[in-house]
Amino acid sequence: MTEIIYEYDGSFEGFLSCVFESYLCKELPTAFSSGEELPSSLFPVRTVLTDPERAARVYRKVAKLSPEAADLLRRGFLTCLPEKELCLYRLTAKLLEQGPRFLRDLSDETLLPVLRAVRHLNGEVHQYKGFTRFSDLGGVLGGEIQPKNRVLPLLRRHFCDRYRNERFFLYDRTHHEALFYQEGKSLICPLDHFRMAPTDETEARYRLLWKRFYDTIAIRERENPRCRMTQMPKRYWGTMTEFQGESYFRPTAAPAGVSGSAAPAGIPAPGTPPAPGPSAPGSAP
Amino acid sequence: MSVPPAIAGAAPPCGEMDVLEKLTVLTDAAKYDAACTSSGGDRRSRAGYIGNTTTAAAGCCHSFSADGRCVTLLKVLLTNRCVYDCAYCVNRRSNETVRAMFTPEELADLTVQFYRRNYIEGLFLSSGVYRSPDYTTELMIRTLRLLRETYRFNGYIHAKAIPGTAPELVEQLGFLADRLSVNIELPSEAGLRALAPDKTKQAILAPMGQIRVRNQQSREELVKYRHAPKFAPAGQSTQLIVGATPDTDFHILRLTQALYDRYRLKRVFYSAYVPVVENPLLPSRDTKPPLLREHRLYQADWLLRFYGFRAEELLEPDRPDFDTRVDPKCSWALRHLDFFPVEVNRADYEALLRVPGVGVVSARRILVSRRVRRLRIEDLPKLGVVMKRAQYFLTASGRMAEGLRFTQDSLLRNLIAAERPALPQAVFEQLSLFAPA
Ligand code: SF4
C-alpha cells in the first residue's frame, strides 16, 4: 500500500469519496487536507473529487454493517477532533475489515477517540439548547453562538420545532455558517460576512428585564463562582445576554414600528408570519 | 367554590411600580425555592402555539446563577403578600418588606417574551398566600389560563399548590401545569407547629395525595383515550429546608424515601436554610447555610433514586448524620469492606453500582464492553470509571491496580483527598472546618 495525502473539499461526501478512493487505489492516507494549508510532508498529495454516488456507496456499506457506526461518522465529522478525517478513516477501515464487533468494546483504541469527540459534541449541543440567546429584531428572532464543534446541524430540529411559528436565524461565529428558518423550511448555509441588526427599545427592555432577573435569582450567601464556571464555562458567556456590557441594554436604533411592549400586541399572532423587520443578517459594509 | 375574582379590581394598589421593579421584588422573594428543573414534560410543538417541552427528558439549564444553581424557569412569585407568618420566610406577614403583585398580563408577557429569546424553558409560578389559599390559587389559575389559552404558551409550567387549597382548584391547576409541587419545608410536625403555625401536616399531605391519585388516573385514561387531558404530566416534587430545625439527616432521608415510595414524587429538593430573621427558635442570623449537609443529602437522594440504596443502609438511628468527610457511597463502602473487591468481569449491574467511582453510565459501559472481551484495569478509566476512588474496591480479571497498597487508615485518607477537588468551593470551606488540625 502506498501512503498519500488526500486533498478534498471539506464536505462529508468528499470525505466518503476519499474512503472510496483509498480502497480503489489501494492507498493508505496519512493525512487529509481541505483547502487552506497543506501539511508539509514527504508524502505525495492528491486531490480527490467529491463523487456523490461513491460517497453514497461507502455510506450504505457502513450503515449496513452498523447503523451506529454510520451515525458516529456523521456526528464525528461535525466535531473539532484534531485530524478527525484520519480518525474517522481508521474507524471506517477497521469496520470494513473486521466487522462491527469491536464497536461494542467501548475502550477500543480506534473507537475511543471518536467516541470521546462525539460525546463532547453532544454535550455542546445540549448546552447550546439552553445557552443560545435570541433577540427580537423587528419580529424576526436572531441569535449568535460560538461553538467549538459544528453544532448547527444538530440544533436544527430543536429550534425549528420550538419556534415553528417564528422566523429566525442562528449564526455560528466559529464556522461562519447560519441556520435560517421560516414557515416550516430551514436551511444551513455558509455566511462570510455577518452583522447583527440594530436593537430597538422593546428588545433592549426585555434584555434588561432578563439581566435583572438573572442577577436577582442568585442567593448572595451561597455565591459560588467556581461551581458556575464548571457548569457554564466562560467560553459560552460571550454570546449570552446576561454577561454583556451596559451598551447591550440600550437601543441602537429608533423604535421599530412593528411591536410594542404592551401585551399581547408584542407577540406575533400565532400562525401568521411576523412582519418583516430590519433583521436579516446583512453583509458588512 | 367561589367565583374567580376579577383581577384588575382585586389587585391592591401597589403604588406606581413598573414591571422591572415588580420583577426584582418577586424574584428576590422566590429565590430560596430550590426546585428549578424542567424535566418530565411532554408537550410537542403545535401549529399556532408557542414552544414545546421536548428538552424535558434530560432537563435543560439556560444559565447558571452566581451561586452555581441551574436557571431554567422564570421563577417568581405572583405576589409576596402573605397572610401567613412562617418564621423562616422573608415573605411572612410580620416582616417589613416591599410588597408587589404581578397582573396576569404582565406575567404572561414576561414568560412568552423570555421564552422566545430562549432565556427560559418556562414558568415556575409560586405565591405568598394572598387573602386565602383558595383566593391565591384562583389568581394563579387565571394567570396560567391566560398564558395557555390567550397567549397560546405551550412551554413548561411548574405551579405551586398551596396547602389548604380546595381540591377543585388543585384539580384545575393540575390541568394547566406540567408539574405541581407542595413544599413541605419543615421536615417534622414539631417544626411545623413551632415555625409555621398556619400550616398543618394534614394540609400539606392532602394536596400531595390528591395530585398522586389524579396523576395516576390521568395516565390510565390516556391509555384508553389518546386525547384525554393530562394532569400534571411531569408529576410532583417538594422541598425540605435543611438546618432550620434539629431534624437529623436520617429523619430527612427516611421522609424522602417515604415520599418517593408512597407519593410517587419525581424529586425531593433540599434547601440549606439561609437565616433571614432573628428568632429564638431559629439558628442565629450569622449562621452559614449548611451547604455541606445539603450536598450530602443530594448525594444520598441520588443513591436512593438511581443506585438501589435504601435510607436504612446509609444511616442508622445511632448514626443519624452523614459522615462529613466522605460521600455517602464511600461511607457505605468503608463500612462494608467484606462486600469488596467486586470483579468487573462478573459482577451484576447492582453490584457494580455499589463501587465508589462507578456510576450509572460507566456501569452500563462495563456491561457492554465485557461481552466483547475480558476487561483489564487499564480499560476502566476509558469507560469513565473514576479510578482514584474505584481502585480500592474492584478487580479486573482477578487483579487490582498495579502497585496499589493501602491500609484501612490510608484508604479513608485517600478517599477524602479524592473527593476534595470535586466539591463546590463553599462546601469545601465548610468541610475544612471539620478537618483534623
Ligand atoms: S405561606 Fe409561604 S410565603 Fe407565606 S410566610 Fe409561609 S412560607 Fe412564606
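Just so it is clear, the structure is predicted and the values come from calculations on it, not from any experiment. Sequence lines set the chain letters: A, B, ... in the order given, protein chains first and strands last, and positions in each chain run from 1.
A salt bridge links A:Arg205 and B:Asp18; the closest N-O separation between the charged side-chain nitrogens and carboxylate oxygens is under 4.0 Å. Salt-bridge annotation for A:Glu221 and B:Lys288: absent, with no side-chain N of the basic residue lying under 4.0 Å from a carboxylate O of the acidic one. In this structure, B:Arg117 pairs ionically with A:Glu203, as a charged nitrogen and a carboxylate oxygen lie closer than 4.0 Å. Salt-bridge annotation for B:Glu21 and A:Arg212: absent, with no side-chain N of the basic residue lying under 4.0 Å from a carboxylate O of the acidic one.
Nearest heavy atoms, B:Leu110 versus A:Leu209: CD2-CD1, 3.8 Å. Nearest heavy atoms, B:Ala66 versus A:Tyr214: N-OH, 4.0 Å. A:Arg162 and B:Tyr115 make their closest contact through NE-OH, 3.1 Å (heavy atoms, listed as atom of the first residue, atom of the second, distance).
Only the side chain of B:Val274 comes within contact range of chain A, judged by heavy atoms closer than 4.5 Å. If you measure heavy-atom distances from B:Ile366 to chain A, you find no contacts under 4.5 Å at all. Both the backbone and the side chain of B:Arg365 come within contact range of chain A, judged by heavy atoms closer than 4.5 Å. In this structure, chain A has a heavy atom under 4.5 Å from the side chain of B:Val76, while its backbone stays farther away. Heavy atoms of B:Arg44 lying under 4.5 Å from chain A are absent altogether.
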Given the rule in the side chain to side chain contact (heavy atoms under 4.5 Å, CB included) test, do B:Ser65 and A:Glu242 qualify, once you have shown the distances and angles that lead to the verdict? CA-CA 10 Å; B:Ser65 46; A:Glu242 52 271 40; over 6 Å; no
Does the side chain to side chain contact (heavy atoms under 4.5 Å, CB included) test come out yes or no for B:Asn118 and A:Phe131, once each step is laid out? CA-CA 8 Å; B:Asn118 206 42; A:Phe131 298 161; over 6 Å; no
